[in-house]
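Atoms within each ligand, like the ligands themselves, are counted from 1 in listed order. Computed from a prediction, not measured in an experiment: that's the story for all the values here. Computed from heavy atoms alone, side chains included, the values below leave out hydrogens, waters and symmetry copies. We count residues from 1, following the sequence as given.
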Amino acid sequence: MKPPRKLHIKSYGCQMNVYDAQRMADTLAGEGFVETSSSDDADLVILNTCHIREKASEKVYSELGRLRILKDEAARNGREMRIAVAGCVAQAESSEIIRRAPVVDVVVGPQSYHHLPRLLAHAKAHGRALETEFPVEDKFGFLPAPKPEAIRARGISSFVTVQEGCDKFCTFCVVPYTRGAEVSRPVQRIVDDVARLADHGVREITLIGQNVNAYHGEGPDGRTWPLGRLLHRLAETPGIVRLRYSTSHPRDVDDSLIEAHRDLPALMPFVHLPVQSGSDRILVAMNRRHTASEYRGVIDRFRAVRPDIAFSSDFIVGFPSETEEDFAATLALVMQIGYAAAYSFKYSPRPGTPAADMRETVSAAEMDQRLVRLQELIDSQQSAFNAATIGETVDVLFERSARNPGQIVGRTAYLQPAHVMASPEIIGQILPVTITSLERYSLLGQLAVRSPTPPAPLPYLQMTTGA
Ligand code: SAM
Ligand code: SF4
């Protein structure tokens, strides 16, 4: 019997790439590949790339330089190493990658991962293979389901792609070009995927998509289901105790999603809702199709049904023509909303996007100092949010053993990592934890004795309060 071949996948960028890497590994498992954590002894290395900012794209070429040395060394030892570039850089730069880095054997765009076995065979026979078309068939119909042992090895929390691509065309963003038009998977396929994951130990599902709340998949009744209805259906899956979704667009928050937050205890009260800027002038230039006040209105709708809800967001500083006044509007919005966490980026012009042709650029020094100011504000909000948990008892879903011996780590409803000393038997359970201290972004605590959800007030207490 042939020994298994070793596969190493290095993923950059978003959650979508993490999920895609798993699906590529599942596809190649059928070809006799097993995953390895290092590229040093791999027979196939896949770089699963991100094109969202220039820095992310350029990382690929420096990594390819390192892989060239490994590939040469493998060849000297009589071993064949193949290198594939997948993801959004593959889609955007296609044959340019092979021109810049002839060490690459396969270039494959995000919509063609189900063709990987064929592309590898082609590269073996002809030296190279390249596929960056948007095929007519849906890759999800062809990607094999993960094996039970792969599901178990990946832990109790899993991503499931429900939607891909984006039709919004924000003027700074490459996603509509690299991932294509918005497509939603049918409800039943998602329900089956989630049930299979739950059967093999998964307890938390994060539904993902570039614009996940634009979801409009075909339901079993033949009608189009919005995300809220899908969440209601998935909440019925035995074994699934937590549901999340990411990333949402403020324009696509509909009543079904608000109702899902009102009605489903399993749907976590933590929403990533990127706004990008607090200035209406910049929001128009970005083609975001919402104003700052409409964004605040959306936040209020969530808060009205779930007062304990918290938000994270994405911001871009230094978008072309952004003035100090525009930036002040962003800081003001952050102050008004109060975030539990947020990501902020310096604007990076991406070839082929409308904003890349805008002339009124902001200087690098200006961008740097705006980024620092924004990040300081966000950090202070995040620290205050975390500090407020000290002395509180919060529900934690335990995920795995931590680095420190005897410690188990899990996550709160707000994705804060929480560490306790306990037996690994608690992995997969939601248990109450009394938070005793903070360590940077992590919470430290002890398993508490109270039941995870507070019991209803006792009748005699209600009577005395009213007396
Ligand atoms: N779909 C999401 C939304 O509606 O905002 C975000 C998708 S994108 C993968 C993640 C984040 O990257 C964006 O929210 C934005 O803040 C940032 N981003 C996208 N293009 C960028 C660019 N050209 N320069 C800097 N940051 C960018
Ligand atoms: Fe990019 Fe998000 Fe805008 Fe779509 S909605 S174009 S993914 S930033």
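- The 4.0 Å heavy-atom shell around ligand 1 contains residues Ile52, Arg53, Phe172, Gln210, Thr247, His249, Pro274, Gln276, Arg288, Asp314, Ile316, Phe345, Lys346, Tyr347, Ser348, Arg350, ordered by chain and number.
- The closest donor-acceptor contact from the side chain of Gln381 to the backbone of Val334 lies under 3.5 Å.
- Side chain to side chain, Ser383 and Asn386 fail the donor-acceptor criterion of an N or O pair below 3.5 Å.
- Phe311 and Phe385 have their aromatic ring centers separated by at least 6.0 angstrom.
- Side chains of Asp20 and Asn48: a donor-acceptor N/O pair is absent below 3.5 angstrom, by distance only.
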request  = Could you walk me through whether Phe345 and Phe319 pass ring-ring contact (aromatic ring centres under 6.0 Å, His included), step by step?
outcome  = CA-CA 10 Å; Phe345 311 100; Phe319 186 80; over 10 Å; no
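- With Phe327 as the aromatic partner, Arg373 does not meet the cation-pi criteria of under 6.0 angstrom to the ring centre and within 45 degrees of the ring axis.
- In this structure, Thr132 contributes its side chain and Gln91 its backbone to no donor-acceptor pair below 3.5 Å.
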Could you go step by step and tell me if Tyr245 and Phe159 meet the ring-ring contact (aromatic ring centres under 6.0 Å, His included) rule?
CA-CA 9 Å; Tyr245 58 90; Phe159 294 133; over 10 Å; no
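- Neighbours of atom 3 (Fe) of ligand 2 restricted to protein N, O or S atoms under 2.8 Å: the count is 1.
- Judged by the 6.0 Å and 45° rule, Arg244 forms no cation-pi pair with Phe270.
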